[in-house]
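Read through the structure below, which is laid out as structure tokens, and then see the notes.
Here is how names work: the chains are called A, B, and so on, in the same order as the sequence lines, proteins then strands, and each is numbered from 1. All heavy atoms count here, side chains included; hydrogens, waters and symmetry mates do not.
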Number of protein chains: 2
Amino acid sequence: MKELLYLKDDQLKDLIEKIFVGYRETFSDSKKILDKYSIGLAHQKVIHLLSMYEGISISKLLAKLKVTKQSLNRVLKDLIKLETIVFKKDEIDTRIKHVYLNEKGKKIFEEIFLLQKKRIYNALLDSSSEEVINFDKVLKKIING
Amino acid sequence: MKELLYLKDDQLKDLIEKIFVGYRETFSDSKKILDKYSIGLAHQKVIHLLSMYEGISISKLLAKLKVTKQSLNRVLKDLIKLETIVFKKDEIDTRIKHVYLNEKGKKIFEEIFLLQKKRIYNALLDSSSEEVINFDKVLKKIING
DNA sequence: TATAATATGTCAATATAACTTACCTATAAT
DNA sequence: ATTATAGGTAAGTTATATTGACATATTATA
């Protein structure tokens with residue numbers, strides 16, 4: 001057991017609180033835009049992933065979100081009603097559905113993202129490239145358990 | 001506008017996804033313990049803060065959690081029923097209530113924390129002290145907007 | 001070809017955590 | 001005396017998720 005300060009319980013508690021607050025703040029900046037379209041955090045996350053992974057399949061979306069089919073389906077139905085997403089069947093395996101943002105969906109994502117990214121952008125702008133790289137590195141290690 | 005790679009939209013999107021996943025994973029490791037005591041994520045967060053800030057007042061808890069009184073009250077009632085917390089009136093201003101974990105509360109927190117901290121601990125153990133310091137630094141900047 | 005596995009959809013019921021609006025008491029500060 | 005602060009509560013609602021069960025279409029495999 002190393003005796004490093006940052007491996008002590010108090011520091012770990014502090015980091016855990018920061019991870020929570022960081023997440024909460026990062027996903028609350030765009031609330032006004034979500035309200036404008038009568039959607040919520042769950043929809044924002046899906047739109048975000050659709051923007052990152054164009055044509056992602058339903059099962060891969062599920063794996064990334066770690067929610068149930070039923071839960072995702074509600075969100076997708078809302079997004080269809082809002083006319084923001086389209087589906088395309090896989091040409092080889094027609095069981096697979098690929099999901100895409102259409103033009104309206106992309107526009108709404110950009111509105112959300114414009115607000116959401118500000119916080120991160122400013123934090124990174126105010127940091128050295130090494131700080132940023134290390135932030136990313138440690139976060140990745142946390143994720144990969 | 002700097003032309004740094006990590007300030008590009010794709011990288012910002014990637015970081016935002018990581019912040020979400022990092023949070024979700026960090027707060028899901030202890031689910032089994034929560035189930036054991038029939039409590040949820042909201043209770044875990046309160047217990048966590050009570051462990052960090054012994055004797056914190058209700059209003060300061062509310063400010064840290066950013067939820068409504070009604071929402072916090074439900075959680076506190078559950079924790080009272082579970083016999084994990086106690087209150088002490090402020091000796092000077094008796095309107096203020098200080099909240100503490102009792103022995104049982106502290107024991108349950110340790111059970112939760114033991115599982116939860118593993119992920120963070122291992123990530124930090126696998127990192128240099130500079131990486132950890134930079135992680136903390138950037139996270140703080142994200143929080144402070 | 002029959003069977004199993006995969007990808008997706010859906011119904012019903014329930015749980016968790018939060019919200020809004022409104023009103024209340026007690027105490028402290030001005 | 002009035003206002004502000006700290007906290008509590010009631011009723012109704014919303015957002016997001018769950019479990020369990022069942023259905024369909026398609027692909028892979030024995």
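In this entry the distance linking CG of A:Leu65 with P of D:dT16 reads 12 Å, nearest Å. At whole-Å resolution of the value, NZ in A:Lys89 and C1' in C:dT8 are 10 Å apart. Whole-Å rounding puts the A:Leu61 CG to C:dG9 C1' distance at 15 Å. For the pair A:Leu72 CG and C:dT8 P, the interatomic distance rounds to 10 Å; values are reported in whole Å. Rounded to an integer number of Å, the gap from B:Ile56 CD1 to D:dA6 P is 13 Å. Here C:dA5 presents its P atom at 17 Å from CG of A:Asp93, a figure rounded to the nearest Å. Look at NZ on A:Lys66: it is 14 Å from P on D:dA17, rounded to the nearest Å.
Shown for residues 40-52 of chain B: no residue has heavy atoms falling under 4.0 angstrom of DNA chain D. Using a 4.0 Å cut-off on heavy atoms, none of the residues of residues 17-28 of chain B approach DNA chain C.
Within the 4.0 angstrom heavy-atom criterion, only backbone atoms of the sugar-phosphate kind lie near A:Ile92; the bases stay farther away. Residue B:Thr68 is in base contact, counting any heavy-atom pair closer than 4.0 Å across all strands shown.
Relative to the ring axis of A:Tyr121, A:Arg119 does not place its NZ or CZ within 45° and under 6.0 Å from the centre. In this structure, A:Lys64 forms a cation-pi arrangement with A:Tyr53, its terminal cationic atom sitting closer than 6.0 Å to the ring centre and no more than 45° off the ring axis.
Relative ring orientation between B:Tyr23 and B:Phe27 is described as tilted, the plane-to-plane angle lying within the 30° to 60° band.
Between A:Lys8 and A:Asp10 no salt bridge is recorded (no basic side-chain N to carboxylate O distance below 4.0 Å). Under 4.0 Å is where a charged nitrogen must lie from a carboxylate oxygen, and between B:Lys107 and B:Glu103 no such pair does. The pair A:Asp136-B:Lys18 meets the salt-bridge criterion, since a charged nitrogen lies less than 4.0 angstrom from a carboxylate oxygen. Using a cut-off of 4.0 Å between Lys/Arg side-chain N and Asp/Glu carboxylate O, B:Lys13 and B:Asp9 are scored as not salt-bridged. Salt-bridge annotation for B:Glu25 and A:Lys66: present, with a side-chain N of the basic residue lying under 4.0 Å from a carboxylate O of the acidic one. Salt bridge A:Lys141/B:Glu131: present, at least one basic N to carboxylate O contact under 4.0 Å. Under the 4.0 Å criterion applied to side-chain N and carboxylate O atoms, B:Lys36 and B:Glu111 are assigned as salt-bridge partners.
Along DNA chain D, the nucleotide closest to A:Thr94 and the one closest to A:Val67 are compared, and the more 5′ of them pairs with A:Val67. Heavy-atom distances to DNA chain D give each of A:Val75 and A:Glu91 a nearest nucleotide, and the one nearer the 5′ end belongs to A:Val75.
Of the inter-residue distances, the one linking A:Ile108 atom CD1 with A:Ser51 atom OG reads 13.0 Å to the nearest 0.5 angstrom.
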Each nucleotide of nucleotides 7-14 of chain D classed B (base within 4.0 Å of a protein heavy atom), S (only sugar-phosphate) or -, in 5' to 3' order, makes BBBB----
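When each of A:Gln116, A:Lys118, A:Gln44 is paired with A:Ser30, the side-chain hydrogen bond (donor to acceptor under 3.5 Å, both in side chains) condition holds for A:Gln44 and for no other.
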For residues 78-88 of chain A, which side-chain donor-acceptor pairs fall under 3.5 Å, sequence neighbours excluded?
from	atom 1	to	atom 2	distance (Å)
A:Asp78	OD2	A:His43	NE2	2.8
A:Thr84	OG1	A:Leu79	O	2.8

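Between A:Arg74 and D:dT16 there is a side-chain polar atom (N or O) within less than 4.0 angstrom of OP1 or OP2.
Within the helix from C:dT1-D:dA30 to C:dT30-D:dA1, the inter-axis angle between the opening and closing five-pair segments is 30°, rounded to 10°.
Every side-chain contact (heavy atoms from CB on, under 4.5 Å) that B:Lys31 has, sequence neighbours left out, goes to B:Asp35.
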